[in-house]
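Below: one structure, written as structure tokens.
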Amino acid sequence: MRRNLKLIVCLAAFALAGCRQDMHNQPKYRPLRASTFFADGQSARLPVANTVARGLLREDSLLYEGKVNGQLADEFPMPVTAEVMARGQERFNAFCSPCHGRTGQGDGMVVQRGFRAPPSYHEERLRNAPVGYFFDVMTHGFGAMQDYSAQIPVADRWAIAAYIRALQYSQHATVNDVPVEQRAELDNPTRAPGTPAGEPAPAEGR
Amino acid sequence: MAEALDHPHDPLAGMSTDGLRTPAVIAPGHDFNSVTDKIAGIVLTKRTPIGWFFGFAIAFAFLLLLNLTIGKLLLEGIGIWGNNVPVGWAFDIINFVWWIGIGHAGTLISAILLLFRQQWRTSINRFAEAMTLFAVACAAMFPLLHTGRPWLAIYWLFPYPNSMTLWPQFRSPLIWDVFAVSTYGTVSLLFWFTGLVPDLATLRDRAESPVARKIFGVFALGWRGSARHWHRYEMAYLLLAGISTPLVLSVHTIVSFDFAVSVLPGWHATIFPPYFVAGAIYSGFAMVMTLAVPLRKFYHLEDFITMRHIHNMTKVMLVTGMIVAYGYVNEAFFAWYSANPYEGYMMLNRMTGPYAVFYWSLILINALMIQLFWFRRVRDNVALLFVLSLFVNVGMWLERFIIIVTSLHRDFLPSSWDIYTPTRWDFAMFTGTIGLFLSLFFLFIRFLPALAMFEMRTIVPEAKLQGDHH
Amino acid sequence: MAHEHAAPTLHGLMAEFENADALVAATNRARLEGYRHMDAYSPIPIEELTEALALPRTRLPMLVLLGGILGGAGGYGLEYWSQVIAYPLNVGGRPFHSWPHFIPVTFETTVLGAALAAFVGMWALNKLPMPYHPVFNVPAFARASVDRFFLVIESTDPRFDRHATQKFLEAQHPVGVSEVAP
Amino acid sequence: MPQIFNRSANVLSKVSIVGGLLLVGGLLGLVMLLGRSSYVTRANEFIEQPIQFSHLHHVGDDGIDCRYCHTSVETSTFAGIPPTKTCMNCHSQIWANSPFLEPVRASFRDDKPLRWIRVHDLPDFVYFNHSIHVKKGMGCESCHGRVDQMPLIEQANSLQMDWCLNCHRNPEQFVRPRSEIFTMGYRPAVSQAVLGPQLVKEYQIQPSTTCSTCHR
């Protein structure tokens, strides 16, 4: 029996030798692979403090901070096109709707699970807030809301801001917001509802 | 076989009549019983000769060295060998080609000489075939082990539906090699076993120990010497010989393609296939001689392995050796005639470079030394022939070394030139396979009839039919 | 086989001869006598027995041809299928169906197929392995693989008659005649 | 000479030859099956993580989009494992005192990353890029399975080469509209046989099967 055991152990050692995966796990860094070299164990390194990569000085205060002359801006740094609106909708649904809900009422799934309810976009204060305000909240957080600067790139934040505006219009628009020459279409719509318009959004576009 | 019966007028058949000049293929005075007694006695004796144990112990020690080397190789990888850029192929392919070449003599003797109705094949074919099998086993170790982890390399060696849906690259000569060598090994084994069956039946019927009788009985397949069986058996044996003949020529041809198909000075030559095949037969006969001389001396088989066999083997070595020498001349001639500077440099480097001493050694052995075989006095001196055959083995090994190393170590780019130095593990692996070869051979001569008994019976006078039954 | 019905008490009668000449002569005479179910046993192949026993031509060469064709077609088919259909890979701009490269392997598989057919076919046609056979019941038969020659006339032969056949065999100058138990 | 073998040895010998061949063939077949089994591929196997994160809960119950956490999946080779801060976006308030989530809070407090164990671990000699697959209409589900139904994440497919090739050779069987990439439990509106070839044409899907596509 003992001899058998020895034999089995030897065979198992051979079988395991066959499982060595040198080529599968090569001594190189892939994203998020741990490092034994650096003290903090991270293979991906942060740039030295206060260094700025070429072209990334972020001088455009409207684009990067949502401010013009230190005041929250009420304009977009880019033309608001149908693609931007579609992108904004998609990103809003991915990143904002868990709390704010798909309609912006502030009743998302996470809120239903117990997160503090955010204000509805459709209340007076937020309808009158400049778009730069929404950008600023996404970038820096507000109240219980953490900042999303790491999760959402700058351009997408502006697209979401544009979509938030559209959400607000969806609940509070008047006939006066529609350009005169398109008002006739309201009574006999030629497009299916929900299809984005082929033109810039009426109010905030530049 | 039954040539003696088929062709009573065959000048080579049966007893020699011209006495001194041409020794007989079997000494006079033997009959069925004496032949069977002598050969079966080696296997069935209860007393194993002490010399056998001595030889086997040495061979087995080298076999253990091989095991050690393989263990080390599998644990650490082929970095323990001396192969490195630019000599990426070294001992592994040198030894592979050397062993495969040696293996060629067995099939040549058993198949081609059978087709040519050469009766002198009868007493050397069995152990020459065994030698082939063992040499192929040794040869196969090198390409398998040079992959480092052979069990992971199966998918490019053999076609099977694997989890990568990958198939071997059939445009590569290395895959041709896999098919050639595995087919060669398989067919040689079938041929050898087929020849063994009637002899195993004899051993079954003569063995005294019940265990031996059972074991021989299992492998004898219940052979009972029925005329109906012999009828098909003879046909199968002849067909296998006919099939093996082109096979044996194809194997070393394909091995030579490993080199000839590449575009490297010293390798890319049309002379390679015939040159390699001749070299294989040459080295194979040298190895048969190396084995036959001590075998006949130790077991007193001079009656069966006669001077006729020794002479004929020497003559085959002389002829094939001269073809090889022609190959050397041819390589040098084309290096000059092609006016290709790389070819020219390759030849110059062989003759005067760092490995020149090996080059001139092999020329000395394979081109000049074999000229001694012209002399009858040399051919009669068995001890000398044994030594010369050892030299031929060395010479053919050096030939492969020169072909492989001198062509690789001077790359097209002088910046990558280097000198190849084998490591101790290279030598351990090489001598280890010699240990494996000899261990298997010792076991073979102890436990199986080293000479084909039923074929030996066909050449004694008793086998001749007297009456005309037609 | 007839064995099933009759449950014979005898496989046949075996005559032992000292040399091949006697065996061939006896076999020839047995055939002329009209015996058909018989077999000769010898330690060496004897070509004359083929005629004496009126053995038909063996089908083995046909099998070997078939094996070779199957092997070759299989080898080439495998190469074509794997290199052209299953996983076509561009290697140095060669065509997928680069047939000259496929020849060596095709040749080897042809040889392998033919050799396997010869090997397997020969043993199968001979109905071997058959470790048990009635002839082994006769003690003297141990020399059939060394130096003695045997002729067995089997009891299934229509002309087989225990006494007449024994008389016939004894007339052929054998060393001895014995019964073969089934 | 007495018989060495019993009469039954005749049948036995033939049976053992056939049986031996079948046995060897069967064993080889078993080894090949073993090579594709989840024992080797590690498919459908739970892996112990520092936190037993449930995709079933976050994706299935809460409906959180894949990209909320795996933010770089559309733009990079790597889909991205979220930093602890992403967890804290919600768990600063939800389950904020749960002992179960203490490792997350500790990680956030001490600025020490959580050490997740890789589940979909391709060999290092394979190059794989998430962004091109997302761009060309490959749904997450096609490779990762119904993540919304996995309490603990597991490898849903073998990730062996023949599995990769199966799609690279027949992308039309797996492609879906770009709007449905992150949908779990996607069913094509029209038959895949019609939609697939259309999308392959529209998205200009030309998957290569040359070696260097993946082994670069």
Side-chain angles (χ1 to χ4, degrees), chain B residues 1-2 5-6 31-33 36 159 165-171 173 175-176 179-180 183 186-187 190-191 194 198 201-202 204-206 217-218 221-236 239-240 243-244 246-247 250 254 257 454 457-458 462-463 465-467 469-470, chain C residues 19-21 24-25 28 39-53 55 58 60-61 64 78-79 82-83 86-87 89 91 94 98 101-102 104-105 107-109 111-112 114-116 118-119 121-123 125-126 128-133 135-136 141-147:
Chain B
M1 294 282 96
L5 311 175
D6 301 341
D31 60 12
F32 283 176
N33 251 318
T36 311
T165 53
L166 276 179
W167 298 91
Q169 178 50 262
F170 286 109
R171 297 181 194 92
I175 288 303
W176 306 346
F179 276 81
T183 301
T186 310
V187 174
L190 299 182
F191 203 42
T194 303
T202 305
R204 171 198 66 196
D205 295 346
R206 290 176 71 96
V218 165
L221 307 178
W223 181 262
R224 54 187 191 268
S226 155
R228 291 164 210 280
H229 292 180
W230 278 123
H231 181 51
R232 295 194 189 95
Y233 182 91
E234 293 275 271
M235 179 57 86
L239 285 170
L240 279 174
I243 293 163
S244 306
L247 176 66
S250 83
I254 288 175
F257 285 163
F454 87 91
R457 279 186 219 117
T458 63
E462 199 180 341
L465 286 184
Q466 307 298 324
H469 301 285
H470 293 269
Chain C
N19 55 51
D21 277 304
V24 173
N28 267 325
D39 207 345
Y41 301 87
S42 57
I44 55 166
I46 300 170
E47 191 152 319
E48 281 76 358
L49 284 175
T50 309
E51 203 178 321
L53 288 167
L55 296 182
T58 162
L60 202 57
V64 173
L78 173 75
E79 291 178 281
S82 66
Q83 308 295 299
Y87 204 149
L89 271 181
V91 177
R94 294 188 187 94
S98 38
H101 289 86
F102 295 171
V105 170
F107 173 80
E108 299 300 334
T109 52
V111 166
L112 187 64
L116 284 173
F119 183 78
M122 189 264 285
W123 297 119
L125 290 175
N126 282 346
L128 293 178
M130 191 190 280
Y132 178 92
H133 192 272
V135 292
F136 293 131
F141 193 74
R143 291 178 74 176
S145 63
V146 183
D147 61 347

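Below, read A as the first sequence line, B as the second, and so on, with proteins coming before strands; counting in each chain starts at 1.
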**Message:** Please evaluate residues Q169(B) and Q83(C) with respect to the criterion side-chain contact (heavy atoms from CB on, under 4.5 Å), reporting the C-alpha separation (whole Å), side-chain torsions for both, the decisive distance (0.1 Å), and the verdict.
**Reply:** CA-CA 8 Å; Q169(B) 178 50 262; Q83(C) 308 295 299; 3.0 Å; yes

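- Contact of the F454(B) side chain with the P43(C) side chain is not registered, since no non-hydrogen atoms from C-beta on lie closer than 4.5 Å.
- Atoms CH2 and CD1, on W230(B) and I46(C) in that order, are 9.5 Å from each other to the nearest 0.5 Å.
- For the pair S145(C) and A201(B), the tightest heavy-atom approach, listed with the atom from each and the gap, is OG-O, 3.8 Å.
- Here the closest heavy-atom approach between residue L128(C) and residue G222(B) is recorded as CD2-O, 3.8 Å.
- In terms of heavy atoms, R224(B) sits closest to F136(C) at CB-CZ, 3.7 Å.
- Heavy atoms of S226(B) lying under 4.5 Å from chain C belong to its backbone as well as its side chain.
- When heavy atoms are compared at a cutoff of 4.5 Å, A40(C) approaches chain B by way of both its backbone and its side chain.
- The NE2 atom of H231(B) sits 11.0 Å away from atom CG of L49(C), with the distance rounded to the nearest 0.5 Å.
- Using a 4.5 Å heavy-atom cutoff, the side chains of V64(C) and L240(B) are not in contact.
- By the 4.5 Å heavy-atom criterion applied to side chains, S82(C) and F170(B) are counted as neighbours.
- If you take CZ on R143(C) and OG1 on T36(B), they are separated by 10.5 Å, rounding to the nearest 0.5 Å.
- Note: G225(B) leads P198(B), P168(B), G225(B), P246(B) in heavy-atom pairs under 4.5 Å with chain C.
- Residue H229(B) holds its NE2 atom at 10.0 Å from CE of M122(C), rounded to the nearest 0.5 Å.
- Taking the six-membered ring where tryptophan is involved, the planes of H101(C) and W176(B) are tilted, since the angle between them lies from 30° to 60°.
- The shortest side-chain heavy-atom distance between L465(B) and V24(C) falls under the 4.5 Å cut-off.
- Contacts of L125(C) with chain B are made by both backbone and side-chain atoms, with heavy-atom separations under 4.5 Å.
- With a 4.5 angstrom heavy-atom cutoff, P173(B) does not touch chain C via any of its atoms.
- The shortest heavy-atom contact between A115(C) and V187(B) is CB-CG2, 3.6 Å.
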**Prompt:** Please walk me through it: do L239(B) and L60(C) pass side-chain contact (heavy atoms from CB on, under 4.5 Å)?
**Reply:** CA-CA 9 Å; L239(B) 285 170; L60(C) 202 57; 4.3 Å; yes

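- Across all their heavy atoms, P104(C) and I254(B) have their closest contact at CB-CD1, 3.9 Å.
- T50(C) touches chain B through its side chain: at least one heavy atom from C-beta onward sits under 4.5 Å away, while N, CA, C and O do not.
- Annotation: side chain of R94(C) is in contact with side chain of R171(B) (closest heavy-atom distance under 4.5 Å).
- Chain B forms the most heavy-atom pairs under 4.5 Å with one residue out of G121(C), S42(C), P131(C), A52(C), and that residue is S42(C).
- Residue E108(C) comes nearest to S250(B) through the heavy atom pair OE2-OG, 2.7 Å, listed as atom of the first residue, atom of the second, then distance.
- Within the 4.5 Å cutoff, the side chain of W223(B) has no heavy atoms near those of the P129(C) side chain.
- Within the 4.5 Å cutoff, side-chain heavy atoms of T202(B) are placed close to those of V146(C).
- Contact check for R228(B) versus N126(C): no side-chain heavy atoms found under the 4.5 Å cut-off.
- Applying the side-chain contact (heavy atoms from CB on, under 4.5 Å) test to L116(C) and every residue at least two apart in sequence or in another chain returns L190(B), L112(C).
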